[in-house]
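Below is one structure; the comments refer to it alone.
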Amino acid sequence: MRKVYNKVLSVSGNVITVKAADVGYEELAEITTRRGKSLAQVIKIEEDTVSLQVFAGSRGVSTSDEVRFLGHPMQVAFSENMLGRIFNGSGVPRDGGPEIAENLIEIAGPSVNPAKRIIPKRMIRTNIPMIDVFNSLVASQKLPIFSVSGEPYNELLARIALQAEVDMIILGGIGLKFDEYMKFRNTLEAGGALNRSIIFMHTASDPVVEGLMVPDLCLAVAEKFALQGKEVLVLLTDMTNFSDALKEIAITMEQVPSNRGYPGDLYSQLASRYEKAVDFEGTGAITILAVTTMPGDDVTHPVPDNTGYITEGQFYLRNGRIEPFGSLSRLKQQVNKDSRDDHRAIMDGMIQLYAQYLETEEKRSMGFRMSPWDEKLQRYGRLFESGMMDLSVNIPLEEALDRGWSILAQCFKPEETGLRSELIKKFWPEKQQAD
Amino acid sequence: MNKQTGKIIGISGNMLTVSFEGTITQNEVGYAVRGNEKLKSEVIRIQGDKAYMQVFESTKGLKVGDRVEFTGDLLSVQLGPGLLTQIYDGLQNPLPELAEAHGFFLPRGVILDPLSKDAKWHLTPLVKAGDVVRKGHYLGWVPETQFKHYVMVPFYMDGDLTVESVEKEGDYTIDQPIVTVRDEKGQKHGLTMVFEWPVKLPVNIYKQKILPTQPLVTKARIIDTFFPVAKGGTYCIPGPFGAGKTVLQQITSRYADVDIVIIAACGERAGEIVETMREFPELVDPRTGKSLMERTIIIANTSSMPVAAREASVYTATTLGEYYRQMGLDVLLLADSTSRWAQAMRELSGRLEEIPGEEAFPAYLESRIAEFYERAGLVELFNGEQGSLTIGGTVSPAGGNFEEPVTQATLKVVGAFHGLSRERSNARRFPAIHPLDSWSKYDSFVPENNVSISRDFLEKGADVHQMMMVVGEEGTSQEDFVTYLKSEFLDAVFLQQNAFDPVDAATNPDRQTHVITQIASVLESELQFADKEEARNFFYDLRQKFIDWNYLEWQSDEFRTQEKTIQTLIKGKTQDA
Ligand SMILES: Nc1ncnc2c1ncn2[C@@H]1O[C@H](COP(=O)(O)OP(=O)(O)OP(=O)(O)O)[C@@H](O)[C@H]1O
Ligand SMILES: [Mg+2]
């Protein structure tokens, strides 16, 4: 069996060093302390000095604690039996159910050959008009929700999970508050989605290092299911906590920080996770929806900034609504051409009018006089916000497009909308034209 | 070369510390051996009996004590016929072949031939026995897609070489010797169509470098007319995320008036390069009628691929560009994003525990960026012909703030700056190149007068806009208001360009000159309006007609008819006066 060492040379932050031989880079070890057993991962080797990050944290580690190397890197089970189950950041069940150790697979595997990727082309419908109509989500897309604490981003994520047309959901929680975790779980259960979900949950009270594994665990399992033809939706919340855990380890390892304490490889670290989103030709796909909370509501903070450079657009969640400006699905043009022939026109037209409404709003608040046109825009803006933007609106794409026409018809004459005449002929609601 | 071995004594991320005996060379390639896997690595620092090596693959599972085999060779690429249409990773591994052999994922430690060993090329020799040649001279040529691919004396051979024998015209593979030469020491060398060159050494086998003056036509109006690029010049595109850097490079790679385009997808999204990979073979190059892929090489080292190979990818791309320049061709290298390359250097520097500079970038960041762009240039070759390598790099500044080390170091060395602005991209004014902040040191093909009038209006228009934000439209004089409308008109119909419309996406030089001349005359004319509302309506109308005009085929009947409509509209307003 594997060698056991019981001389811990140093403990600093959540990193310990031991003298050991024949250890592989990124190999896993099990450390037994008075608090129990914890996994640890090799993050540096210098001659016979091995540094390990301890998942359960270094609190209570003594210099004579036993370190047993396992001879393999981090693994996770892959099995249908995982559906409906909840694991922690080390892959151990946290729902009281039995351990699952079948079919162990390595996490953080190699990346997909770009030559094997295909241009994504399937829309994932969510029944949220601000997504389906204005920024369609596409299978294999990686998209974060940029938000600030206090906003209902987890509710939004849960709702998308429930309504999205996917085969399975893998939820990764990083540093979630306990009640958020329970709410999330209960929502999935109440919506009948728990039995097609697998949850890896790291909560705020769990050791920080353990959160680092969560995205890799989720994505490794997702990848296997996708290769079996499953359409998988991976939800990661909150990637800012993940980045902060990276920062903590980097500082312990005395790496030179690049920006506000974050390590210089933050971009590569985040990219290696997000780039797991893929549409495998001929089989399944992985779509990643993540939450990135912006410290100080500042999008130039290193975490949202690096994320924006990696992902294929972003949704801004502000005041409980998905903002029409700033939010962008960079893949939407791949799917909104063939959905319905008025889709693009409604998307562009309604947003342009809403932008004009915001201008008149500004004028109004500055006390300028409102022209009849301004009044129309005012009416339109309010209807748009309640009928489209409000997150409680829950209708399929087609109905949302119809509603778009109806809102336009309630406020404007056809020629005032700037929409093409052929579309107006086809879609303009008859009855309302009178008023 | 004597082949050395060493032993791993330390591992941190993708950095190995290796103990060795004997002689090794800086930037030499070595292989870390674990079982039957060999992981390609490069020596990046030597200290006493220790070498520091960056591994171009994941180091997972490597152990202290594992053997390292040094090769004695610097990190190199193969140069020869068959490079065009290829899709390589940063180390010249062909990705489609890898996919064929290994499926969905990129296997570790697998290296395939970058050029086919079986393909036959039809050689027409250009030398005969007794000729004296030097490195870079043409020995013969083979047809490669639509080009004459010159088979050259390897760039590493020194001195006068006397041709001893030449194979007859006919079909050969790249490994068959086609010419035998004798060097000054009397030693004989059999030369094939292929040779290797170390990527980090610039190829400077030319009579002289020439100041770039001839415009490189991108067919993007705001670039060609206002911030032109010259053949052999350099330019950069910094901008925050989502501002349109990649889309701008994508359209440039399609429409630019050059012979060869090399696309280096350096540390960016895989999905983006996949679009190019999948679409280019289907797209027709209007210059040749052939598929666009036939003039293209793609180097794809995307963000989740190993970071050390990302650092190398930029050099690989540049070397391929220099190689084709030696054939007298105009080559354009598009690198997206140079910031990811700089970050790869930063990661490495951190692992080497070098003293960090600003934002933890290494102190040599500036000189590396300068060296990279210096490899561009218009050169006069041994035969008097000219070839050019133009380099355009995107920059992804942290927080979208241009006051950061990579942007600043780049601005010091490039010939043109196409700064993308968040306000313009949010307003969906694409391409989002800021018309007042950007600059170019090169000359445009458009008469200077038209450009300066236009620029003047853009500046004045921006001032009026600023003022209007404070005092409102009511507080603005009609004259100022018209100036503002004119600048907005210029912006809408000329600076902005629809990348997704087949006609509007690419505007040829004649058309650019023609249209900007019309616009300049509108800007200069004294238009009379009863009130602001009338002025606004006039310009909305004019704008709509101009945009429609932009969508019409150059010099088609519809184009001419629309032009007349526009002229009538303008005349109506000037004669009112
Ligand atoms: N010329 C254009 N015309 C129309 N839309 C554009 C244009 N350029 C960019 N866009 C829009 O902006 C989005 C982002 O553009 P792009 O991917 O080029 O940004 P980027 O600057 O490369 O961002 P990143 O730094 O994150 O890679 C595109 O998906 C597209 O929706
Ligand atoms: Mg980009």
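Side-chain atoms are counted along with the backbone in the values below, which use heavy atoms only and exclude waters and symmetry mates. What you are looking at is a predicted structure, and each value in this text was computed from that prediction instead of being measured. In what follows, chains carry the letters A, B, and so on, assigned in the order in which the sequence lines appear, proteins first and then strands, with residues in each chain numbered from 1.
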*With chain B, which of A:Glu26, A:Arg117, A:Met366 has the greatest number of heavy-atom pairs at distances under 4.5 Å?*
A:Arg117
*Side chain, backbone, both or neither: which part of A:Gln334 has a heavy atom under 4.5 Å from chain B?*
side chain
*Residues in salt bridge (charged side-chain N to carboxylate O under 4.0 Å, His left out) with A:Lys224, at least two apart?*
none
*In terms of heavy-atom proximity below 4.5 Å to chain B, should A:Asp265 be classed as side chain, backbone, both, or neither?*
both
*With a 4.5 angstrom heavy-atom cut-off, which part of A:Glu223 approaches chain B: side chain, backbone, both or neither?*
side chain
_Structural part of A:Pro304 lying under 4.5 Å from a heavy atom of chain B_ = backbone
*Examine distances only and state if a side-chain atom of A:Tyr25 and a backbone atom of B:Gly13 form a donor-acceptor pair shorter than 3.5 Å.*
yes
_Given heavy-atom pairs under 4.5 angstrom as the criterion, report whether the side chain, backbone, both or neither of A:Phe325 touches chain B._
neither
*Which atoms of A:Pro73 come close to chain B, meaning under 4.5 Å heavy atom to heavy atom: side chain ones, backbone ones, both, or neither?*
side chain
*Under 4.5 Å, heavy atom to heavy atom: which of residues 268-276 of chain A reach chain B? Give them by number, or say none.*
A:Ser268, A:Ala271, A:Ser272, A:Glu275
*Hey, which of A:Gly109, A:Ala115, A:Ser111 has the most heavy atom pairs under 4.5 Å with chain B?*
A:Ser111
*Heavy-atom distance under 4.5 Å to chain B: side chain of A:Pro257, backbone, both or neither?*
backbone
*Check whether A:Ile310 gets within reach of chain B through its side chain, its backbone, both or neither, counting any heavy atom under 4.5 Å.*
backbone
